Amino acid sequence: MSKLPNPAFTRAEDVTVLDVRTPSFTGTLAVVGIQACFGSGHEQEVVPGVRLFDVTNPVHPALLGHWDLPQGTIGCHEIDAVQRADGTVLIACARNLVDHQNNNGTTALHLIDATNPASPSTLTDWSLNLDPTQGVGCSATQFAHSARFEDGGNTVYVSYWDHGTVRLDITTPATPTVVSDTKITPPDEDGDNHSMTLANNGKWLIINTEDTSPEDCPGESAYGGWGEIHVYDNTNPAQPTFLGTFSTSDSRSTRTDGEFTDHNTEVAPNGQFFSSWYSDGIVWWTMTDHGVSTQRGQFTPPPTNGSPPLVWGVYIDTTHHLILASDIHSGLWIAKPDKPDTL
């Protein structure tokens, strides 16, 4: 067993791992987003940002380098990394909501060149320059919550909460260009674009809406139930069109004995999807080309010390045909789907 250390009074908010080959480093690279811990009393002392580790030998990880944000800021909420065909290693850092609020939305996303992981450098600081307080619904905010590379690192999608899911052309990473901004359609009372992924060879855009209205705005029926997944036909990336939705029976309710919103979704072959769904655990579902969705299975971890599960992350292990999920309360769970259509 080993650990990737983070500085005192911080939390390793997000991590991604990839195999890279560059003139300065060949091996397995772990990229860790660093955020200040809220309520520690040391927020102004912390230097957040990104830490890069050599985990080629996972038992003995080694710190290679770091990319720092200004001291006293909160940091990278979610990150992603990719190596492009030209050899460039890119990292995306989406800033925490508090940072958006403190800079009035002028800094949302950083693209970082980590081709030499010992000396990462900023390529661009990008933002739509939106007032983060001018969102809609219960959680009325608009900020770059997360970013995900697609198209071999020539595209990055930015989940801009209530403002939509923004597709950026980063063929030239220093000068991103907006290709599209997908709004939740049919109109939703609480946008909450949390994260995305592509499916069906890029022809579908999957948007996860982390809507916690029943908990945050109890008794206000206008905000409806918990989050659900929205799927768009992405055949024309400049103009995605609504295809369908998927939700669980709990997420369509307003029950508050847990949190019943989706969080992240990963894609398996043959039109299968596995989503982390907080108190609904891991949810396995499918969708037809006509937008008709079906739930195929579900695994919900038991409560921990009386607290319901909060499954935050999901990963598909195609080698062993397993699903890995992280529960905030109880840790890592490994589940085996019953008769999947190949993983």
Side-chain angles (χ1 to χ4, degrees), residues 1 12-17 58 78 80 145-146 148 159 192-200 204-215 225-231 244-288 291-343:
M1 186 180 75
E13 185 70 20
D14 199 10
V15 61
T16 189
V17 179
E78 293 204 3
D80 197 16
H145 176 276
S146 62
R148 186 162 187 165
S159 299
D192 300 349
N193 289 242
H194 168 273
S195 57
M196 59 68 60
T197 190
L198 296 183
N200 197 11
W204 289 0
L205 169 63
I206 314 294
I207 295 179
N208 305 292
T209 62
E210 188 183 16
D211 185 348
T212 55
S213 295
E215 178 181 59
W226 299 87
E228 61 184 352
I229 294 169
H230 292 247
V231 183
T245 62
F246 172 76
S247 58
T248 67
S249 58
D250 288 333
S251 65
R252 294 188 293 273
S253 76
T254 56
R255 59 184 295 186
T256 56
D257 55 335
E259 297 184 15
F260 299 98
T261 183
D262 55 312
H263 194 246
N264 292 319
T265 298
E266 297 299 337
V267 180
N270 301 311
Q272 301 174 96
F273 305 95
F274 291 87
S275 300
S276 52
W277 213 289
Y278 280 96
S279 299
D280 265 342
I282 307 168
V283 180
W284 174 21
W285 58 282
T286 61
M287 179 172 282
T288 69
V292 178
S293 58
T294 303
Q295 182 170 327
R296 290 192 56 178
Q298 183 174 1
F299 170 76
T300 306
T304 302
N305 298 323
S307 296
L310 296 175
V311 175
W312 195 86
V314 62
Y315 177 80
I316 302 171
D317 180 350
T318 56
T319 301
H320 302 96
H321 308 292
L322 300 171
I323 308 300
L324 284 65
S326 54
D327 175 13
I328 291 173
H329 290 150
S330 60
L332 178 67
W333 289 84
I334 301 174
K336 187 175 181 63
D338 182 25
K339 300 179 181 179
D341 298 335
T342 306
L343 294 183

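Keep in mind that what you see is a predicted model, and the values were worked out from it rather than measured.
- Interatomic distance, Leu310 CG to Glu259 CD, rounded to the nearest 0.5 Å: 5.0 Å.
- Scanning all heavy atoms of the two residues, the minimum distance from Asp80 to Arg148 falls at OD2-CA, 3.4 Å.
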Next item on the list: Before giving the answer on side chain to side chain contact (heavy atoms under 4.5 Å, CB included), spell out for Trp277 and Gln298 the whole-Å C-alpha distance, their side-chain angles and the decisive distance to 0.1 Å.
Entry: CA-CA 10 Å; Trp277 213 289; Gln298 183 174 1; over 6 Å; no
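- To the nearest 0.5 Å, the span separating OG1 on Thr254 from CZ on Arg252 amounts to 13.0 Å.
- One distance of note links CD1 of Ile316 with CZ of Phe274; it measures 6.0 Å at 0.5 Å rounding.
- No donor-acceptor contact under 3.5 angstrom links the side chains of Thr286 and Arg296, judged on distance only.
- Ring geometry for His263 against Tyr278 counts as perpendicular: the plane angle is over 60°, on a 0 to 90° scale with 30° as the lower cut.
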Next item on the list: Apply the test side chain to side chain contact (heavy atoms under 4.5 Å, CB included) to residues Leu198 and Trp204: give CA-CA distance (whole Å), side-chain angles for both, the deciding distance (0.1 Å), then the verdict.
Entry: CA-CA 6 Å; Leu198 296 183; Trp204 289 0; over 6 Å; no
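- How far OG of Ser293 is from CE of Met287: 4.5 Å, rounded to the nearest 0.5 Å.
- Donor-acceptor pairing under 3.5 Å is recorded for the side chains of Asn208 and Ser195.
- Across all non-hydrogen atoms, the minimal contact from Thr209 to His230 is CG2-CD2, 3.9 Å.
- At distances below 3.5 Å, not a single donor-acceptor pair connects side-chain atoms of His145 with backbone N or O atoms of Asn193.
- A side-chain N or O of Ser213 and one of Asp211 form a donor-acceptor pair less than 3.5 Å apart.
- Under 3.5 Å, the side chains of Asp262 and Ser275 contain no donor-acceptor pair of N or O atoms.
- What you find for Lys336 and His320 is that their closest heavy atoms are NZ-O, 4.2 Å.
- When all heavy atoms are compared, the tightest approach of Trp226 to Ser253 is CD1-O, 3.2 Å.
- Between Phe299 and Trp333, the ring planes are tilted. Angles from 30° to 60° get that label.
- Here the closest non-hydrogen pair linking Pro337 and Leu343 is CG-CD1, 3.9 Å.
- Under a 3.5 Å cut-off, the side chain of Ser326 and the backbone N or O of Gly313 do form a donor-acceptor pair.
- Ring planes of Phe246 and Trp285: parallel class, angle under 30° (limits at 30 and 60°).
- In terms of modelled atom types and a separation under 3.5 Å, the side chain of Ser247 and the main chain of Ser251 share no donor-acceptor contact.
- When all heavy atoms of Thr300 and Asp280 are compared, the pair lying nearest together is OG1-O, 3.3 Å.
- In this structure, CD1 in Ile282 is found 12.0 Å from CD in Glu266, a value given to the nearest 0.5 Å.
- At least one donor-acceptor pair under 3.5 Å links the side chain of Asn270 to the backbone N or O of Asp341.
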Item checked: Val231 and Leu205: CA distance, side-chain angles, deciding distance, side chain to side chain contact (heavy atoms under 4.5 Å, CB included) verdict -> CA-CA 6 Å; Val231 183; Leu205 169 63; over 6 Å; no
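- Side-chain contact between Ser276 and Trp312 is absent, with no heavy atoms from C-beta onward closer than 4.5 Å.
- A 4.5 Å side-chain heavy-atom check between Ser159 and His194 finds every atom pair outside the cut-off.
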Next item on the list: Could you check Val314 against Leu324 for side chain to side chain contact (heavy atoms under 4.5 Å, CB included), going step by step and ending with a plain yes or no?
Entry: CA-CA 6 Å; Val314 62; Leu324 284 65; over 6 Å; no
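- The side-chain contact (heavy atoms from CB on, under 4.5 Å) test with Ile206 singles out one residue from Asn200, Ile229, Asn264, and that residue is Ile229.
- Atom CD1 of Ile334 and atom CG of Asp317 lie 8.5 Å apart (nearest 0.5 Å).
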